[in-house]
Protein chains: 4
Amino acid sequence: MVKQTFLNLPKEKRERIIEIAIEEFASKPYTKASLSNIVNRAGIAKGSMYQYFEDKRALFRYLLELAAQEKLAFLKEAEVNSDVNFFETLEKVMLAGFRFNLAHPQLSRIVANAMEGTGEAVIQEFMMSGRKMACEYFMELLKRGQEGGEVSPDVNVRLTANLLNRILGEGLADYILEIMEVDLHEFLTKPEIAQNISEDTIKNIVNEAIRFLRNGLEAQS
Amino acid sequence: MVKQTFLNLPKEKRERIIEIAIEEFASKPYTKASLSNIVNRAGIAKGSMYQYFEDKRALFRYLLELAAQEKLAFLKEAEVNSDVNFFETLEKVMLAGFRFNLAHPQLSRIVANAMEGTGEAVIQEFMMSGRKMACEYFMELLKRGQEGGEVSPDVNVRLTANLLNRILGEGLADYILEIMEVDLHEFLTKPEIAQNISEDTIKNIVNEAIRFLRNGLEAQS
Amino acid sequence: MVKQTFLNLPKEKRERIIEIAIEEFASKPYTKASLSNIVNRAGIAKGSMYQYFEDKRALFRYLLELAAQEKLAFLKEAEVNSDVNFFETLEKVMLAGFRFNLAHPQLSRIVANAMEGTGEAVIQEFMMSGRKMACEYFMELLKRGQEGGEVSPDVNVRLTANLLNRILGEGLADYILEIMEVDLHEFLTKPEIAQNISEDTIKNIVNEAIRFLRNGLEAQS
Amino acid sequence: MVKQTFLNLPKEKRERIIEIAIEEFASKPYTKASLSNIVNRAGIAKGSMYQYFEDKRALFRYLLELAAQEKLAFLKEAEVNSDVNFFETLEKVMLAGFRFNLAHPQLSRIVANAMEGTGEAVIQEFMMSGRKMACEYFMELLKRGQEGGEVSPDVNVRLTANLLNRILGEGLADYILEIMEVDLHEFLTKPEIAQNISEDTIKNIVNEAIRFLRNGLEAQS
DNA sequence: CATGAATGAGCATTCATTCAT
DNA sequence: AATGAATGAATGCTCATTCAT
């Protein structure tokens with residue numbers, strides 16, 4: 001759906017377009033985001049956008065894929081290794097997600113926008129499949145945790161996977177806004193806010209959340 | 001923002017308009033929901049809508065207020081009494097929320113739509129204040145729980161309140177769709193699906209979630 | 001497909017819009033005819049057009065229906081009475097068609113434009129059904145002519161109906177342009193040309209055509 | 001207007017391009033036919049088309065010329081010899097036209113599309129001159145027929161030429177569709193339909209038409 | 001208080017054509 | 001000669017909102 005034409009573009013131009021598109025889609029819901037705005041700000045012709053992407057949906061989807069890639073990069077960076085310890089793994093996943101949120105608040109916002117309905121079937125399917133994958137990952141993790149004796153055999157794997165998904169995805173994001181005493185718009189437009197949150201703060205939050213989860217899920221010895 | 005004119009309307013007409021508006025706003029994102037659609041289906045004049053509500057935002061906000069009222073009614077019905085026992089209270093709150101979700105899937109959907117950006121500042125503020133109130137309620141609950149010795153003094157009250165908010169609001173909703181093996185559209189348009197979920201199922205889910213939370217939050221004796 | 005709104009318009013305004021629309025659709029093929037042009041020239045808002053007609057197709061179809069009505073009026077005027085004499089009837093039909101062509105050259109042109117493909121299925125179906133009706137009318141006429149002994153029993157009714165349809169519809173129109181030594185554009189934009197063709201000329205042409213047909217079809221005594 | 005560049009192309013490539021262009025222009029009206037479609041399907045660069053043809057009009061005109069050539073080939077094949085007998089000549093011309101129609105339904109369709117307005121002056125002039133030539137040919141034929149005593153001296157040569165032109169061009173085409181009980185789209189996309197019409201059927205139709213014309217035009221002995 | 005026509009900015013999208021490489 | 005990215009005017013259409021009746 002992205003066209004080769006776009007990928008052939010000089011890196012600088014490509015990135016400027018993406019940056020502006022991200023700003024547009026992060027600052028308003030999908031239907032209000034305007035291609036005209038984007039092309040005007042990017043200084044390119046309206047028609048060019050259609051040489052780069054099949055249509056509005058395709059551009060949006062490209063941004064979502066980009067967000068997914070970027071998040072994956074953070075997970076790689078965190079050296080998540082699902083094979084060892086359940087709670088350790090969970091902590092790493094949380095940390096990675098958290099860091100991604102702070103490093104790319106606008107991309108995170110786009111994902112959130114996409115979650116709650118753009119009115120476009122294609123996008124919805126894409127998000128659903130993403131959510132499914134995430135849930136399956138958590139389910140797999142929980143099952144292994146149960147097999148390894150770390151996670152109580154009593155926990156409902158599917159239910160918990162869903163809760164984890166929501167908690168990790170957005171529960172923590174809400175908390176950030178609250179402790180920073182900032183509203184969403186400020187958070188998105190003033191990058192220094194996100195950047196000034198120290199690694200310590202992040203780790204503390206994650207630790208507390210993990211402790212909470214550990215008690216809730218851990219097998220009683 | 002609702003005008004007196006609307007409230008003076010014969011009950012029947014008022015309810016028909018609201019019902020149709022709910023369907024419209026539940027089935028598509030705010031920006032795609034169309035007043036024209038609503039007035040056509042309701043068989044009233046376009047201009048009349050503007051006698052009833054200041055503008056599109058005001059109508060939407062009215063629906064949100066209605067959802068809030070309705071949810072409150074479910075909470076009342078559940079005889080939530082914050083004074084007694086923390087986990088019991090939490091369970092009642094969850095049950096009430098759950099039942100509201102199943103009784104009014106479309107209203108729930110509207111609330112979800114409103115959460116993630118209508119692009120309208122007024123709506124956003126309204127939602128933020130709602131979220132704040134909910135969080136403050138949970139914080140209050142948690143603090144009393146700590147004072148009463150039920151909740152561990154170690155839990156971060158604010159963080160936990162945020163997590164509870166997300167878990168109760170949407171985490172369970174996702175789970176429902178998953179176990180029913182239904183997609184959102186089906187769930188919204190086929191009321192029998194929601195109605196056929198037995199009280200037992202609901203109670204089981206809530207129990208599992210509560211057990212999970214109890215372990216995570218309970219003071220170790 | 002025309003909306004009541006349009007029909008409620010003050011006659012003057014309605015007619016101005018139609019006149020301008022006819023000019024637009026007569027002067028270029030359907031796809032090149034532009035709603036923007038029409039509304040600009042008519043001095044109405046773009047949106048208003050959509051209060052009057054469902055879409056471009058509906059406007060065009062309305063013009064086609066108008067042409068049909070107008071032609072019918074000419075047929076009525078000619079006191080066509082299919083019951084009497086075949087060749088007399090045919091002559092009257094021809095005369096009526098001819099007079100319609102000269103009185104409404106632009107409407108005739110719109111019909112011709114519609115014949116050869118607008119690329120719109122709805123329009124195509126409409127035209128096909130029109131053609132079918134015309135052919136059936138001629139077939140009926142021919143059959144009665146055969147029963148009455150005027151038309152040779154040897155003539156292939158269906159084939160002849162098709163030929164008559166084409167001859168009456170457009171064959172004569174071509175001839176007009178040729179004898180007037182005028183091109184289509186002049187003919188459409190200078191109404192005086194069509195108006196200056198005398199009744200005598202018309203009758204002569206029709207007579208010659210009828211004589212030609214009479215010989216071709218008449219039963220040999 | 002065709003550029004030498006195109007003519008220098010390897011035959012195979014040239015023919016593929018033409019074939020695809022014919023499909024495009026036969027399946028939709030001139031203004032809706034899209035060069036982008038053509039080049040994509042042909043696997044050539046957009047710019048190349050402009051090395052081959054001056055513009056869209058030039059390509060279309062080239063197809064029209066090709067149709068003319070092809071039709072001429074059918075006339076040659078039919079060994080039309082205007083010198084001998086009027087009605088025999090007419091029959092041969094009709095047969096040739098008929099066979100061309102069935103052998104190249106798409107080319108025929110392009111010609112029909114071109115007749116009723118592409119909105120391009122150049123094309124219109126081209127078609128007009130074609131029509132003029134055809135009419136002049138028929139006039140010449142009729143005059144000789146009159147001189148030879150076959151055709152009644154009373155027939156209006158110019159009028160009849162126009163009628164013949166329409167009858168031979170499209171009147172018969174309509175009839176085909178009708179007896180085949182096929183619509184235009186089927187006829188264009190399913191070549192077997194045209195091919196399955198037997199020589200006998202063709203000859204019968206032509207004979208009937210000729211008999212009709214013979215009666216209408218023949219000098220009474 | 002109801003009506004519903006009028007408005008016009010705004011939108012996504014298409015397309016023939018140009019031109020630098 | 002071939003390419004294919006760039007262009008931007010133009011198009012049909014939608015919609016919240018206004019306002020005269």
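In what follows, chains are A, B, ... by sequence order, proteins preceding strands, each numbered from 1. No hydrogens, no waters, no symmetry mates; every other heavy atom, side chains included, goes into these values. It should be emphasised that the depicted structure is a prediction, and the values quoted were computed from it without experimental measurement.
- Residue K13(A) places at least one side-chain N or O closer than 4.0 Å to OP1 or OP2 of dA6(F).
- Closest of all the heavy-atom pairs between A26(B) and L188(B) is O-CD1, 3.7 Å.
- A 4.5 Å side-chain heavy-atom check between K3(B) and Y50(B) finds every atom pair outside the cut-off.
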Exercise. DNA chain E in dot-bracket, Watson-Crick or G-U pairs under 3.5 Å, [ ] crossing, | other strand?
Worked result: .||||||||||||||||||||
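- Between R57(A) and T118(A), the closest side-chain pair of non-hydrogen atoms is not below 4.5 Å.
- No side-chain heavy atom of R61(D) sits less than 4.5 Å from a side-chain heavy atom of V2(D).
- Of the side-chain N and O atoms in S36(B), none sit less than 4.0 angstrom from OP1 or OP2 of dC15(F).
- In this model, the phosphate group of dT3(E) is approached by a side-chain N or O of S48(B) to a distance below 4.0 Å at OP1 or OP2.
- Separating the CG atom of N8(A) from the C1' atom of dG4(F) is a distance of 10 Å, rounded to the nearest angstrom.
- The ring pair (Phe, Tyr, Trp, His ring centres under 6.0 Å) with Y62(B) is formed by just one residue from the set F6(B), F126(B), Y52(B); it is F6(B).
- Nearest nucleotide to the L35(C) side chain, out of dC13(F), dT14(E), dA16(F): dC13(F).
- Residue contacts for A33(A): at a heavy-atom cut-off of 4.0 Å it reaches the sugar-phosphate backbone alone, with no base atom in range.
- Residue-to-nucleotide proximity on DNA chain F shows that, of R57(C) and G47(D), the 5′-proximal contact is made by G47(D).
- Residue A45(B) is the one, among A45(B) and T31(A), whose nearest nucleotide of DNA chain E lies closer to the 5' end (criterion: closest heavy atom).
- In this structure, the CG atom of L9(A) is 5 Å from the P atom of dA6(F), given to the nearest Å.
- In this structure, CE of M49(A) is placed 15 Å from P of dC11(E), rounded to the nearest angstrom.
- Ranking dT3(E), dT14(F), dA16(E) by closeness to the S34(D) side chain, first place goes to dA16(E).
- Comparing atom distances between the K46(A) side chain and each of dT7(E), dT13(E), dT14(F) picks out dT13(E) as nearest.
- Here the P atom of nucleotide dA16(E) and the CG atom of N37(D) are 9 Å apart, to the nearest Å.
- For M1(A) and dT13(E), the CE to P distance is 11 Å, given to the nearest whole Å.
- For Q51(D) against dA2(F), a side-chain-to-base donor-acceptor contact under 3.5 Å is present.
- Within the 4.0 angstrom heavy-atom criterion, only backbone atoms of the sugar-phosphate kind lie near T5(D); the bases stay farther away.
- The separation between E120(A) atom CD and dC11(E) atom C1' is 13 Å, rounded to whole Å.
- Look at NZ on K56(D): it is 17 Å from C1' on dT18(E), rounded to the nearest Å.
- Between the CD atom of E54(C) and the C1' atom of dT14(F) there is a distance of 14 Å, rounded to whole Å.
- Side-chain N/O atoms of Y52(B) include none lying less than 4.0 angstrom from OP1 or OP2 on dC1(E).
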Problem set entry | From CA spacing to verdict: salt bridge (charged side-chain N to carboxylate O under 4.0 Å, His left out), K28(B), E24(B) | CA-CA 7 Å; K28(B) 38 190 86 134; E24(B) 180 74 8; 3.2 Å; yes
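- For Y50(A) and Q4(C), each mapped to the nucleotide of DNA chain E holding its nearest heavy atom, the one lying further toward the 5' end belongs to Q4(C).
- Nearest heavy atom pair, residue L64(C) against residue A114(C), reads CD2-CB, 3.8 Å.
- Counting only heavy atoms from C-beta outward, the side chains of K32(A) and E120(B) approach each other to under 4.5 Å.
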